Amino acid sequence: MSRRALITGITGQDGSYLAELLLDQGYEVIGLHRRSSTPTFERISHLGTSITLEPADLLDEASMIRVLRKYQPSEVYNLAAQSFVQTSFNQPVLTGEVTALGVTRLLDAILLTDPSIRFYQASSSEMFGKVVEVPQREQTPFYPRSPYGVAKLYGHWMTVNYRESYGLHASSGILFNHESPRRGLEFVTRKITFSVAAIKLGLQEKVKLGNLDAQRDWGFAGDYVKAMWLMLRQDQPDDFVVATGETHSVRELCQVAFGHAGLNWEDHVEVDEVYFRPAEVDLLIGDPAKATKSLGWEPEVGFQELITMMVDSDMAALEASTAS
């Protein structure tokens, strides 16, 4: 009998890679999605009928209970969130409802239906925010600097609380920035790689960015979803930092991306204060030692390979769309 996993946020970057991994491992995969007048299934369209899609919403606990009772999964991966930091400043209440309270609704639904379900919560390096030590590890104090970071911290501590209070097998992955060709265009990595492709093909001249000195620990989403799965393989639930242990600036990202296309980034990048955060997070770099030791996990795709992969993907997609 195959194992059954439920993924919230399956239509997102991480959800699509995790669904692929679980299918390869022989799982039956159920994906939750919000009803929408405009379908957003492009990241999982290639999976076709190999997954089951079910409408539900983290704002509605009854819908969570209904789905859990219907499919009786052995594992639940909560990847759904309002996940764009900049948007969280403009929509802090919505971000809290989905990214914070949504976790509580899902944990409560699990507790009410089947406490034996193993649960994964997608926590975030944005919880560290104004960092108090470098690199950041599981014991590093949190200091979130955005409504998104605050909401993620609430969800993180609620996961710990349900684990300790009710004995749930509930683990959190404190994931540092992870990217891929499936990343949304609103995120700076994909914004840059897409712009490089568009500039190379003569479709635009410039790209406007915010703080070029901001430094992040960027890895490949396809590597990071494996860590999620490994966490639910453990006898005991726990929290793990998932990162590369390397940091790179937005400026360096521009150098690699534009350089890969044979362009000089300084000719095409403009700094616009519109894209600066009200409270900036300057330096995030994770220490994945615990994940490496306990899970046997290590990132496989390096920074340069990741960025050039994304540029090549955007170039191919734009060439195809302009040729048709």
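Since the structure is predicted, the reported quantities are computational estimates derived from the model, not experimental observations. Numbering starts at 1 and runs along the sequence shown.
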Student: Return yes when atom CD of Gln304 has more than 12 non-hydrogen atoms of other residues, nucleotides or ligands closer than 6.0 Å, and no otherwise.
Tutor: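 Not more than 12 within 6.0 Å, no.
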Student: Could you tell me which residues satisfy side chain to side chain contact (heavy atoms under 4.5 Å, CB included) with Arg69, sequence neighbours excluded, listed by chain and number?
Tutor: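 By the side chain to side chain contact (heavy atoms under 4.5 Å, CB included) rule, Arg69 matches Ile65, Thr113.
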Student: Donor-acceptor pairs under 3.5 Å, side chain of residues 15-25 to any protein atom, not counting sequence neighbours: which ones?
Tutor:
unit_1, atom_1, unit_2, atom_2, d
Ser16, OG, Gly12, O, 3.4
Ser16, OG, Gln13, O, 2.8
Ser16, OG, Arg182, NH1, 3.0
Glu20, OE2, His46, NE2, 2.5
Glu20, OE2, Arg182, NH1, 3.2
Glu20, OE2, Arg182, NH2, 2.7

Student: Pairing donors with acceptors under 3.5 angstrom, does anything connect the side chains of Gln215 and Ser249?
Tutor: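 There is no such pair between these side chains.
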Student: Nearest heavy-atom pair of Val132 and Pro141: which atoms, and what distance?
Tutor: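 So the minimum-distance heavy-atom pair works out to CG2-CD, 3.5 Å.
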Student: Start with the C-alpha gap between Ile30 and Ile7, add the side-chain angles, then the distance that decides, and say whether side-chain contact (heavy atoms from CB on, under 4.5 Å) holds.
Tutor: CA-CA 6 Å; Ile30 315 299; Ile7 304 172; over 6 Å; no
Student: Shortest non-hydrogen contact from Asp213 to Asn211?
Tutor: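 Shortest heavy-atom separation between Asp213 and Asn211 comes out as N-OD1, 2.9 Å.
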Student: If we only count heavy atoms from C-beta on, is the Leu53 to Leu32 side-chain gap below 4.5 Å?
Tutor: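 No, side chains not in contact.
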Student: At their closest point, which heavy atom of Ala261 faces which heavy atom of Val196, and how far apart are they?
Tutor: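 Closest approach of Ala261 to Val196: CB-CG1, 3.6 Å.
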Student: Can you give me the closest heavy-atom contact between Cys254 and Leu209, atom names plus distance?
Tutor: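 Closest pair (atom of Cys254, atom of Leu209, distance): SG-CD1, 3.6 Å.
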Student: Are Arg190 and Asp314 ion-paired here, with the side-chain N under 4.0 Å from a carboxylate O?
Tutor: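 Salt bridge: yes.
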Student: List in chain and number order the residues that pass side chain to side chain contact (heavy atoms under 4.5 Å, CB included) with Arg118, two or more places apart in sequence or in another chain; answer none if no residue qualifies.
Tutor: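 In terms of side chain to side chain contact (heavy atoms under 4.5 Å, CB included), with neighbours along the sequence ignored, Arg118 is linked to Glu75, His169, Leu232.
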Student: Rounded to the nearest 0.5 Å, what separation is found between the OG1 atom of Thr244 and the CG atom of Asp217?
Tutor: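 Thr244 atom OG1 to Asp217 atom CG measures 3.5 Å (nearest 0.5 Å).
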Student: How would you list all residue pairs meeting salt bridge (charged side-chain N to carboxylate O under 4.0 Å, His left out) that involve residues 50-64, not counting sequence neighbours?
Tutor: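 As it turns out, the salt bridge (charged side-chain N to carboxylate O under 4.0 Å, His left out) pairs with a partner in residues 50-64, which skip direct neighbours, are Glu54-Arg66, Glu54-Lys70.
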Student: Is a side-chain donor or acceptor of Lys191 paired with a backbone partner of Lys208 at a separation under 3.5 angstrom?
Tutor: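 Pair found, side chain donor or acceptor close to backbone of Lys208.
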Student: Can you name the side chain to side chain contact (heavy atoms under 4.5 Å, CB included) partners of Ala80, sequence neighbours left out?
Tutor: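 Expected list: Thr8, Leu58, Asn78.
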Student: Considering residues at least two apart in sequence or located in another chain, which fulfil the side chain to side chain contact (heavy atoms under 4.5 Å, CB included) criterion with His260?
Tutor: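 Partners of His260 by the side chain to side chain contact (heavy atoms under 4.5 Å, CB included) criterion, ordered by chain and then number, come out as Thr308, Val311, Asp312.
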Student: Not counting sequence neighbours, which residues clear salt bridge (charged side-chain N to carboxylate O under 4.0 Å, His left out) with Glu252? List them please.
Tutor: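 By the salt bridge (charged side-chain N to carboxylate O under 4.0 Å, His left out) rule, Glu252 matches no residue at all.
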Student: Would you mind reporting whether Phe303 and Leu253 have side-chain heavy atoms less than 4.5 Å apart?
Tutor: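 Touching, per the 4.5 Å side-chain cut-off.
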Student: Do His178 and Asp223 meet the criterion of a side-chain donor-acceptor pair at a distance under 3.5 Å?
Tutor: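 Side chains of His178 and Asp223: no pair found under 3.5 Å.
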Student: Looking at every heavy atom in both Ser146 and Ser88, which two are closest together, and how far apart are they?
Tutor: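 Result for this residue pair: CB-OG, 4.1 Å.
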Student: So how far is it from Leu79 CG to Ile10 CD1, rounded to the nearest 0.5 Å?
Tutor: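 Separation between the atoms: 9.0 Å.
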Student: Residues two or more places apart in sequence or in another chain: which of them pass salt bridge (charged side-chain N to carboxylate O under 4.0 Å, His left out) with Arg105?
Tutor: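 Once residues adjacent in sequence are excluded, the partners of Arg105 under the salt bridge (charged side-chain N to carboxylate O under 4.0 Å, His left out) criterion are Glu97.
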Student: Working to the nearest 0.5 angstrom, can you tell me the gap between Thr95 OG1 and Gln82 CD?
Tutor: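 Thr95 atom OG1 to Gln82 atom CD measures 4.0 Å (nearest 0.5 Å).
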Student: Check step by step if side-chain contact (heavy atoms from CB on, under 4.5 Å) holds for Met158 and Leu107.
Tutor: CA-CA 8 Å; Met158 196 58 74; Leu107 283 166; 4.0 Å; yes
Student: Between Val131 and Thr140, does a side-chain contact (heavy atoms from CB on, under 4.5 Å) hold up when you go through it step by step?
Tutor: CA-CA 8 Å; Val131 298; Thr140 300; 5.9 Å; no
Student: Looking only at atom types and distance, does a side-chain atom of Ser74 sit under 3.5 Å from a main-chain N or O of Arg4, one as donor and one as acceptor?
Tutor: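 A pair under 3.5 Å: yes.
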Student: Say you draw a straight line from NZ of Lys152 to CD of Gln121; how long is it, rounded to the nearest 0.5 Å?
Tutor: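 Those atoms lie 5.0 Å apart.
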Student: Heavy atoms, side chains only, cut-off 4.5 Å: are Met231 and Val242 in contact?
Tutor: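 SC-SC contact between Met231 and Val242 confirmed.
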Student: Run the ring pair (Phe, Tyr, Trp, His ring centres under 6.0 Å) test against Tyr71 and tell me which residues pass, sequence neighbours left out.
Tutor: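 Ring pair (Phe, Tyr, Trp, His ring centres under 6.0 Å) list for Tyr71, sorted by chain: empty.
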Student: Got a sec, which pairs hit salt bridge (charged side-chain N to carboxylate O under 4.0 Å, His left out) with one end in residues 286-298, sequence neighbours left out?
Tutor: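 Sorted pair list: Arg137-Asp287, Asp238-Lys290.
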Student: I'd like to know if the side chain of Glu179 pairs up with that of Thr189 as donor and acceptor (distance under 3.5 Å, no hydrogens or angles considered).
Tutor: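 There is such a pair between these side chains.
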Student: Are the side chain of Thr292 and the backbone of Trp297 linked by a donor-acceptor contact shorter than 3.5 Å?
Tutor: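 Pair found, side chain donor or acceptor close to backbone of Trp297.
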Student: Using 0.5 Å steps for rounding, measure from the NZ atom of Lys226 to the CZ atom of Phe220.
Tutor: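 Those atoms lie 12.5 Å apart.
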Student: Would you check if there is a donor-acceptor pair between the side chains of Tyr27 and Trp229 at a distance under 3.5 Å?
Tutor: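 Trp229 vs Tyr27: donor-acceptor pair found between side chains.
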Student: Could you check Glu246 against His248 for side-chain contact (heavy atoms from CB on, under 4.5 Å), going step by step and ending with a plain yes or no?
Tutor: CA-CA 7 Å; Glu246 297 179 5; His248 303 272; 3.3 Å; yes
Student: State, with a plain yes or no, whether a side-chain heavy atom of Ser125 is found less than 4.5 Å away from one of Asn177.
Tutor: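 Result yes, sub-4.5 Å side-chain heavy-atom pair found.
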Student: Can you name the closest pair of heavy atoms from Trp218 and Tyr224 and give their distance?
Tutor: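 Nearest heavy atoms, Trp218 then Tyr224: C-OH, 4.5 Å.
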Student: Around atom CD of Glu205, are there more than 12 heavy atoms from other residues, nucleotides or ligands closer than 6.0 Å?
Tutor: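 Not buried by this count: 12 neighbours or fewer within 6.0 Å.
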Student: Between Gln72 (side chain only) and Leu68 (backbone N and O only), is there a donor and an acceptor less than 3.5 Å apart?
Tutor: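 Not confirmed, Gln72 side chain does not pair with Leu68 backbone.
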Student: May I have all residue pairs that pass salt bridge (charged side-chain N to carboxylate O under 4.0 Å, His left out) and include part of residues 156-166, sequence neighbours excluded?
Tutor: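 Counting only pairs at least two positions apart or across chains, the salt bridge (charged side-chain N to carboxylate O under 4.0 Å, His left out) contacts touching residues 156-166 are Arg163-Asp239.
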Student: As a quick check of understanding, evaluate side chain to side chain donor-acceptor pair (under 3.5 Å) for Asp108 and Tyr162, giving each step before the final call.
Tutor: CA-CA 9 Å; Asp108 209 44; Tyr162 270 68; 3.1 Å; yes
Student: With clusters defined by side-chain heavy atoms of hydrophobic residues (ILVMFWY) lying less than 4.5 Å apart, directly or transitively, does Tyr166 cluster with Val160?
Tutor: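 No; tracing contacts between hydrophobic side chains, which count when under 4.5 Å, never links both residues.
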Student: Any donor-acceptor pair under 3.5 Å linking the side chain of Thr322 with the backbone of Leu318?
Tutor: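 Pair found, side chain donor or acceptor close to backbone of Leu318.
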Student: Rounded to the nearest 0.5 Å, what separates atom CG in Asp272 from atom NZ in Lys206?
Tutor: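 Going from the CG atom of Asp272 to the NZ atom of Lys206 covers 13.5 Å.
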Student: Check the orientation of Phe142 and His156. Use parallel for under 30°, tilted for 30 to 60°, and perpendicular for over 60°.
Tutor: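 Perpendicular, since the angle between the ring planes exceeds 60°.
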Student: Just to verify, what does Phe176 make a ring pair (Phe, Tyr, Trp, His ring centres under 6.0 Å) with, not counting sequence neighbours?
Tutor: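 For Phe176 the ring pair (Phe, Tyr, Trp, His ring centres under 6.0 Å) partners, ignoring immediate neighbours, are Phe128.
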Student: Using 30° and 60° as the class boundaries, would you call the ring planes of Phe258 and His268 parallel, tilted or perpendicular?
Tutor: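 It falls in the parallel class, under 30°.
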Student: How about Leu106 and Phe119: do any of their side-chain heavy atoms sit closer than 4.5 Å?
Tutor: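 Yes; the side chains approach each other to less than 4.5 Å.
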